[in-house]
Amino acid sequence: MRNLLNFLIRYNYWFLFILLEVASFVLLFRFNRYQQSVFFTSANVVAGSVYEVSGGISSYFHLKSLNDDLLSRNMLLEQQNANLRNALNDMYIDSAQINSIQMAPNADYELYKAKVINNRVTQIDNYITLDKGSADGIRPEMGVVDANGVVGIVYKTSAHYSVVISVLNSKFIIYSKVLGSDYYGELKWKHGDSRYAYLELPRHAAFNLGDTVVTNGFSSAFPEGVMVGTVEDVADSPDGMFFMLKVKLSTDFSKVSNVRIIARKGQQEQRELERGIMP
């Protein structure tokens, strides 16, 4: 207490000076209209700047919830689009559009949204980790896609996470075809450029550079017509018996983020029936 009193006595002139300054400013701004208007204008500018910064910070931290909401709304619109497409097909209206998984028939497929939390593109066998697992209804051998096309197939699941075999994996094979043709073959990735995979087709198959490559529907994981990529180049297979199409993948695996997991009704039954008699 003595130290405090000594401090106040020692600097009493400074405290008196500050008190008089505050009192003078109060009297100045209270009884002079011009100074009053200047003060309030400046205060409003400062307050506006503070509110703008705080609003920007608040908006930034709400981006995740907004993105999740937009993704949910997008999935709903995609499924409604699927229903409309099916109705048109039932009325025998021809459509040459490409299916993406979003257009998969609502009665046969269910879509789960998930987020990529780990992804590799430089290994021989690349895997992707998702933030959804068996507790969310995810099972092995379900197809995984993003807004652009095929991403991979679920390999293993825990309660809250899934590991996906990426298209960029030596073990990944999917039967694909050129849109508008019935000839199909195996699509595989060769270690190297993450933008390209290779599709083997019979030599009598007709196609052109720039043609669209889609799934042919033989896989239990993907419906027919899911986008895979486009034909960029063609060469002979090593044995010369087939064409080897260089396909530019529609999915950019270096920045894949939000995906959908496809659950097809009857998939489990089909896999159990085929297991043991088909490779």
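Worth knowing before you read on, the calculation uses all heavy atoms, side chains too, and leaves out hydrogens, waters and symmetry mates.
- When hydrophobic clusters are built by joining Ile, Leu, Val, Met, Phe, Trp and Tyr residues whose side-chain heavy atoms come closer than 4.5 Å, directly or via intermediates, Met142 is grouped together with Tyr127.
- Between the side chain of Thr157 and the main chain of Ser162, no donor-acceptor pair closer than 3.5 Å is present.
- For the pair Gly185 and Leu201, the tightest heavy-atom approach, listed with the atom from each and the gap, is N-CD2, 3.7 Å.
- At distances below 3.5 Å, not a single donor-acceptor pair connects side-chain atoms of Asn119 with backbone N or O atoms of Ile128.
- In this structure, Leu249 and Tyr196 have side chains that are not in contact, with every pair of non-hydrogen atoms separated by 4.5 Å or more.
- Formation of a donor-acceptor pair under 3.5 Å by the Asp239 side chain with backbone atoms of Met241 is found in this model.
- Interatomic distance, Met244 CE to Lys190 NZ, rounded to the nearest 0.5 Å: 5.0 Å.
- The distance from the OH atom of Tyr184 to the OH atom of Tyr175 is 6.5 Å, given to the nearest 0.5 Å.
- Remark: Leu209 CG is packed, more than 12 non-hydrogen atoms of other residues, nucleotides or ligands lying under 6.0 Å away.
- For Ser166 (side chain) and Asn169 (main-chain N/O), no donor-acceptor pair under 3.5 Å exists by modelled atom type.
- The number of heavy-atom neighbours closer than 6.0 Å to CZ of Phe207, taken from other residues, nucleotides and ligands shown, is above 12.
- Taking the six-membered ring where the residue is Trp, His204 and Tyr183 present perpendicular rings, their angle passing 60° and hence far from 30°.
- Between Lys188 and Glu200 there is no salt bridge, since none of the side-chain N atoms of the basic residue sits less than 4.0 Å from a carboxylate O of the acidic one.
- There is no path of hydrophobic side-chain contacts, each under 4.5 Å, that joins Met227 to Tyr198.
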Checklist entry - Run the side-chain contact (heavy atoms from CB on, under 4.5 Å) check on Val167 and Val151 step by step: do they pass? => result CA-CA 6 Å; Val167 172; Val151 171; 5.8 Å; no

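- From Thr230, atom OG1 reaches atom NZ of Lys248 across 7.0 Å, with rounding to the nearest 0.5 Å.
- Remark: the backbone N or O of Gly225 is paired with a side-chain donor or acceptor of Thr215 at under 3.5 angstrom.
- Both Val145 and Val116 sit in one connected hydrophobic cluster of ILVMFWY residues. Membership requires side-chain heavy atoms under 4.5 Å apart, directly or through other members.
- Between the side chains of Asn148 and Thr251, no donor-acceptor pair of N or O atoms lies under 3.5 Å.
- For the atom pair CG (Leu130) and NZ (Lys113), the distance works out to 14.0 Å, reported to the nearest 0.5 Å.
- In this structure, Lys171 pairs ionically with Asp125, as a charged nitrogen and a carboxylate oxygen lie closer than 4.0 Å.
- Using a distance-only test at 3.5 Å, with no hydrogens or angles considered, no donor-acceptor pair links the side chain of Asn118 to the main chain of Thr129.
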Next on the checklist: Apply side-chain contact (heavy atoms from CB on, under 4.5 Å) to residues Ile138 and Val154 and explain how you reach the verdict.
Outcome noted: CA-CA 8 Å; Ile138 311 304; Val154 177; 4.1 Å; yes

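- Taking 4.0 Å as the cut-off between side-chain N and carboxylate O, Asp236 and Arg203 count as a salt-bridged pair.
- Closest non-hydrogen pair, Arg120 versus Gln123, comes out as CD-CG, 4.2 Å.
- Taking each heavy atom of Asn208 and Asp211 in turn, the nearest pair found is N-OD2, 2.7 Å.
- Shortest non-hydrogen contact noted between His191 and Thr122 is CE1-O, 3.2 Å.
- The minimum heavy-atom distance between Ala159 and Asp136, with the atom names listed, is O-OD2, 4.2 Å.
- Grouping the Ile, Leu, Val, Met, Phe, Trp and Tyr side chains by contacts below 4.5 angstrom, directly or via other members, places Phe242 apart from Ile174.
- Residues Val214 and Val226 are not in side-chain contact: their nearest non-hydrogen atoms beyond the backbone lie 4.5 Å or more apart.
- A distance of 11.5 Å separates CD1 of Ile117 from OG of Ser257, quoted to the nearest 0.5 Å.
- Put simply, the residue from Leu199, Asn216, Val213 that forms a side chain to side chain contact (heavy atoms under 4.5 Å, CB included) with Val228 is Val213.
- Between Ile262 atom CD1 and Glu141 atom CD the span is 14.0 Å, to the nearest 0.5 Å.
- At distances below 3.5 Å, not a single donor-acceptor pair connects side-chain atoms of Ser181 with backbone N or O atoms of Ala205.
- Side-chain atoms of Asp131 come within 3.5 Å of backbone atoms of Lys115 as a donor-acceptor pair (strictly under, hydrogens ignored).
- Scanning all heavy atoms of the two residues, the minimum distance from Phe172 to Ile153 falls at CE1-CG1, 3.8 Å.
- Residues Val178 and Leu245 are in side-chain contact: their nearest non-hydrogen atoms beyond the backbone lie under 4.5 Å apart.
- Phe222 and Tyr155 fall within a single hydrophobic cluster, where Ile, Leu, Val, Met, Phe, Trp and Tyr side chains are chained together by heavy-atom contacts under 4.5 Å.
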